[in-house]
Every structure is written in structure tokens, then in C-alpha cells.
There are 2 protein chains.
Amino acid sequence: MTARVTMRDVARAVGVSPMTVSRALRDDETVNEKTRRKIRQVANDLGYVYDTTAQAFRTQKSGFVAVTLPSINNANFAETFRGLSDGLGPSGMQLLLGSTNYSVEKEQELVRQLLTRNPEAIVLTGGHHTDETRALLSARNLPIVEMWDLPADPLGHVVGFSNAEAMATLVTHLAESGRRRLGYVGATDLTDLRGAERRDGVIARAVELGLPEVEILDAGPAPVSMRHGAQAVSALGSRVREFDALVCVSDPVAFGVLSECRRMSLDVPGDIAVTGFGNFEVASVSDPRITTIGVTARQIGEQVALLLEDLFAGTPQDGPRVVNVGARLVRGETS
Amino acid sequence: MTARVTMRDVARAVGVSPMTVSRALRDDETVNEKTRRKIRQVANDLGYVYDTTAQAFRTQKSGFVAVTLPSINNANFAETFRGLSDGLGPSGMQLLLGSTNYSVEKEQELVRQLLTRNPEAIVLTGGHHTDETRALLSARNLPIVEMWDLPADPLGHVVGFSNAEAMATLVTHLAESGRRRLGYVGATDLTDLRGAERRDGVIARAVELGLPEVEILDAGPAPVSMRHGAQAVSALGSRVREFDALVCVSDPVAFGVLSECRRMSLDVPGDIAVTGFGNFEVASVSDPRITTIGVTARQIGEQVALLLEDLFAGTPQDGPRVVNVGARLVRGETS
DNA sequence: CCGTAACATGTTATCGGTACCAAATAGATT
DNA sequence: AATCTATTTGGTACCGATAACATGTTACGG
């Protein structure tokens, strides 16, 4: 293959200096418009392709925003990513995506790797990180955004909501509808910390309201989905009739639970209530529609994008910003 | 903030040349092991962070593999991405993800942008591209992989299956079960070309089998999902009873169709069959389970990763490789 | 004690843009 | 015509790592 076409080549062909080409291609007003057009023309004809790597190196600005997600295979996180991606589009920033598989250790390695690319900001999902991760990040003068949580001790900016509070709303709703014997369906290992927060939120509010102890139904290791919800219920067997509400860590799990209840000829919500979390599409299309918590996944991404745009534009900040996007009860037909 | 720590600084601190530091950090065997340990130690103490941008610039190897997906918010594409990501992990390649929103024009701009980052390979979803995109790509000596399709005129390597063929299998199955009057539920605009291929596959096989003309039920513009399927059916009203099978472009759509049929008190599969595509989780958890086409989304990603590893390792290739991962009928309870 | 191989480290130039400063040219004003 | 300002262009050094080559150092047999 022939050697790569550089600005030098374009400059030579046009008869100007590389500097002028550089300016022209960045649409610098100081370059005569006719020259600019000519340069663009020739660059195109020669098949010149701008080298962002070289630019990133010289200017020490990578044009990257690093993002960590627990899983890309989750409609809510995917929506957040889209919101972020669309929101950052105009600024010309590119997202560098990495997935942690719900593990803070994996997150640590990911952060380490991402930092070597010199991102101009980093967006983390969740507020739980290893000490090493915290150290790595604070050693750099880099905008940090934590999303999807409201961490007690944030690393920087925050865009999220309280999982525990949202679950409290849900439990209150169930109690007010006369439900007392609650089961919680979710992962019981400790890797999915957001799931753990939800579980703890359920338990805490149940205690506050004087409900019987919430029983934890193991759905296996995170991440849990439809089939795990179904399995958890079928593992219970006839004991499922002891409950009058099953609170699930997410909508897919709730859908699995719902399907399994139906197979067992339980009436939902007559015999038992089922609730989800996240307001996934499946919640509203399912029949009956699932009562859930509406999280504004896309909005989280958009808010993060707005925040970052402000930071990049140099808008003065008085301290880290905390945006609580909230989460609301979405009543379906399963409670 | 203090200036960034570079290899120079580490070198000075240890009392060796930057070159030795460079070698040590890449675990070059020729550097004495004691020196290597010392250098790692000092680098760590100084908070040195390797600069991949500089490396990428100097070596002219970005360490990036560019990937375009129609949508990140689609469980199947997300799975493919994961398969690819996990498969490429060991090689140290990072994925640069962009989403085209099912538009070849957006794909073109995306490709243009991605190319400026000097990716070492590019992976495109689908086999339909603008001429400009094709030109941009072939002007570079860059491994290209098209996935999820079997394009007639591939740009490079291919890992995919034939959407039309898969649909033919499905239609044959329906015809053998005595279904004759088919409706097709999918997007009717022309942006989702994979969807169009599926539709054409249905029509073609119906013609071959001498079935009555397949009626196209519009589910709105791509991408279509659960609610669009439901809407398409409810828009039909009582006319839905004219059909004895509804073939849907995807499982989420089929699920929406199924739910709506149920609301309309239709017996599935007694009165009408419903089929999906993609073997999404929802197909197997839904009650009744949805008959669908099992595409090996994750496997596609893994196969692409294997292919790329081979290419990076320099394994000699005799021409572009075409991997047909196939797609199989997954019988559920809706047909 | 020397030559040579094996090992370990150093020197120099360079990847492709762009910040910074200098200079040339055109047009306006006195 | 000379001077000045505005506009447009050019020259040079450099971002941080590393390929390619050169040099130094040790070990060992003869």
C-alpha cells in the first residue's frame, strides 16, 4: 500500500504550508475562504484522512469521554448510553465504553485502562468503587461523574436517584394496598451493589411499617434476568402462596416471576402482587402490566451530557453538582 | 495541577534511560529483571500512567477496533458486542463503538469519524452501505468485517447468516402446520434493511409454496419494538381473524402482537400462529413461548473476534473469509 | 589476558499535527 | 509616497513513546 497522505502532502499539492492546511481543515476564519475551499478540495481529491490520534497527542486533548457500564446488555443502561451519546454528539466528543460486569474489581482494571487513553472526563455507573479506583481517579485533574446512584461520598459530580428511596415508595404503596407478607426476588451475592441497595431499601421500609420480615428469594448470581425470576418462584413451589407480594429487583425478573405465577395458576394481583423496577418496555407491554419504578434512564444520560458540556465550555462551577433525577412509582395491574 | 509524569521522569528517578523504562513497562525480557521490578515500583510510586495516545501515535497502531451497530439498545446487538468485546479482551484491543440508528447515511458519517482514529480493523453490522462508505473503506488497507448478513458483494470478511433463508425456514414450518393466510408485521420504511430482507424472505417463500399473498402490516418506522407490534394488531381490529399466522420481524414485536391477540381473546396458536425472530429472552419466557429463529448473536461477536485475532496474528489468509453461523428454527408454543 | 558471544542499556530520529510567534501582503489613511 | 492597520500565511519546536541502531558490560573458553 502507498504511504499515508498527510497534511504535508496536501500542503505541497496546494502550494501552502502545512500550518495553513491545518487551519483550513479546522475552519479557521483567518484563512482566506478561497484558500480554504481549495485546500478542502485537494484534501478530498488526495483521499486525505485527518489523523485524530496525532491531534490528540499534540494538543493533549483526546476527545474521549470514558464511560463504564455494569452491562451493555441492559435496556436501561443502553438507554443511558444513548442519551449520553446523543447529548455529546454536537461537542464532538467520542465515548469510550467499557463494561464492568457488575464488579468493582473489573471496574478498577477498566478505569486503569481507560485512563491511559487520556479521557477528558470519566463517567462511572454507580457510587461504589475500590479504594484503588478512587485513588487512580483523584490523582488526576479530571471531571468525574457518577450516575444511577446518589453516593454518600461522591468522587465528583452526580446524576442519579436513590434506589433505596424508590423501593421505599414501592413498599409503602404495597402496604397501603393491604399487602403484608413480602418476598424479595433478586441476586443475593454482593456484586450487584445497586441491587443490594434496592433490597436494603425494601427491608428498611418494611421494618419501618411494622411488616413481617421480608424473605429473600435467591435468584442466583448477578446479573439476573427473566429466567432467574421464573426459577426463583418455581423453586419455592407451593410455598409461594405464603406471600402476598413479590418485590423484584428489576422488570425482567418481575416478568419471569409473573409468568411463573401464571403457570402455577396464581391470580396476579388477586392472590399475589408482583412489582418490578426500571420501567422497561416489558413492564408496560406485559399482560397484566407490571407495577414498577420509572427510572429515567435516557434522561440520566442526557443530564450527564449537559453537565459535561458545561464543564467543557468552562462554565464556572461552584463545587461538584448533584442532580437528582428522581424515580416515580408506575402503577400497573400487578398490584 | 502539577505536570504529567512521563517516562522521562521515571527514568530520571531510577537512573536509567527512558528507553529502558519503555522496555521495562512492556515487559521486555531483555531488561534485567531486577531493573524491571525497580522501574515498575518507581513508576507506581510516582503515579505514572502510561500514555496510550503517544504509543498509538508513534507506532501507528491505535489499538482500536471500530464497530458500528444499528442500535446499542437491542439485546441481540448488545450480545454481539459483548461476544466481540470478551473475545478481543486478551489481544488488548479496545472497541470504539458507534451507532447508526439503522441509517446508512449515519453509518457513513460514523465511519468517516471512526477512521480518523486509525482503527486497526472495522466491523460493520449489515451488508448495505453507501457508495461513499465503500469508497472510504476500500481506500484503506484495513481489515473489514461485515456481520449479521451474508452480503452479495462483501467489502471484506463476513460473519453472518441469511435473513431471507431463515424466514423461508419459518414459512415452510408454518405451511407444513397448515397455515396459509400470513400477515407480516414489521417496519415498512426502507431504513431497516435487515428487516426488509426478512420481509422479502417471507414473501418469496410464500410465493414458492403457492400461499395467498402475504399482507404487510405496518408497525411504523424502524426500529420497531413491543408496543409497535401491539399497535399494528390493534389497528387491524377484527380483520385480524382473517389471518392464521402473523410473522413478526423480531421477538419483541411478536411479544407485543401476542399480548394484543390475547387482549382480543384470540387463541394462540389455536386461532392464529405468531412467530418472532432472534430468540430473545422474551421469546422463551413468554407464556406461551414464542416460535422464533435462533440467531447466535453472541456467537457472531465471538466469531468476529476469532477472525480478527487471526488477522492480527498475521495468520495467512487466502482471500476474505465468509463464516455462515446459520440460524435455526426454535419451536415455541405459538405455532 | 584476550577475543567473542550473550546480555543489558543508551542515542537519535521520528510518528502528524498544532501552539506560538514572526513575517509578508493588501488595503486604507494621511 | 509613506505609514499604518488588518488580513493572511509561514517557520520552528514540541507533545511522549519507541524503532532501529550503537554501545557498553559481563562471562567464559582457550
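Just so it is clear, the model here is predicted, and its values are computed rather than measured. Letters go in sequence order (proteins before strands), and every chain restarts at 1.
Between B:T35 and A:T6, the residue anchored closer to the 5' end of DNA chain C is B:T35, taking for each the nucleotide with the nearest heavy atom.
Across all strands shown, B:V21 has no heavy atoms under 4.0 Å from either base or sugar-phosphate atoms. B:M19 comes within 4.0 angstrom of a base, heavy atoms only.
Distance CZ (B:R4) to C1' (D:dA17): 11 Å, rounded to an integer number of Å. Here the P atom of nucleotide D:dC15 and the CE atom of B:M7 are 15 Å apart, to the nearest Å.
Both the sub-6.0 Å distance and the 45° axial angle are not jointly satisfied by A:R194 relative to the ring of A:Y102.
First and last contacts of DNA chain C with chain B, using any nucleotide atom under 4.0 Å from a protein heavy atom and ordered 5' to 3', fall at C:dA8 to C:dG16.
Judged purely by distance below 3.5 Å, without hydrogens or angles, the side chains of A:S17 and A:T20 pair a donor atom with an acceptor atom. Residues B:R4 and A:N118 have side chains that bring a donor and an acceptor to within less than 3.5 angstrom of each other. A donor and an acceptor atom, one from each side chain of A:D51 and A:Q55, are nowhere located under 3.5 Å apart. Between the side chains of A:H129 and A:Q108, no donor-acceptor pair is found at a separation under 3.5 Å.
You'll find the ring centres of B:F81 and A:F81 outside the 6.0 Å limit.
A salt bridge links B:D9 with B:R12: at least one charged nitrogen is closer than 4.0 Å to a carboxylate oxygen. Using a 4.0 Å cut-off between charged nitrogen and carboxylate oxygen, B:K106 and B:E109 do not count as a salt-bridge pair. Salt bridge present: A:R298 and A:D86 bring a charged side-chain N and a carboxylate O closer than 4.0 Å. Between B:R36 and B:D28, none of the side-chain N atoms (NZ, or NE/NH1/NH2) sits under 4.0 Å from a carboxylate O, so this pair counts as no salt bridge. Taking a cutoff of 4.0 Å between a charged side-chain nitrogen and a carboxylate oxygen, A:D27 and A:R40 qualify as a salt bridge.
For the contact set between residues 42-66 of chain B and DNA chain C, defined by any heavy atom under 4.0 Å, the members are B:F57, B:R58, B:Q60. Looking at residues 25-34 of chain A, you'll see A:R26 sit with a heavy atom under 4.0 Å from some atom of DNA chain C.
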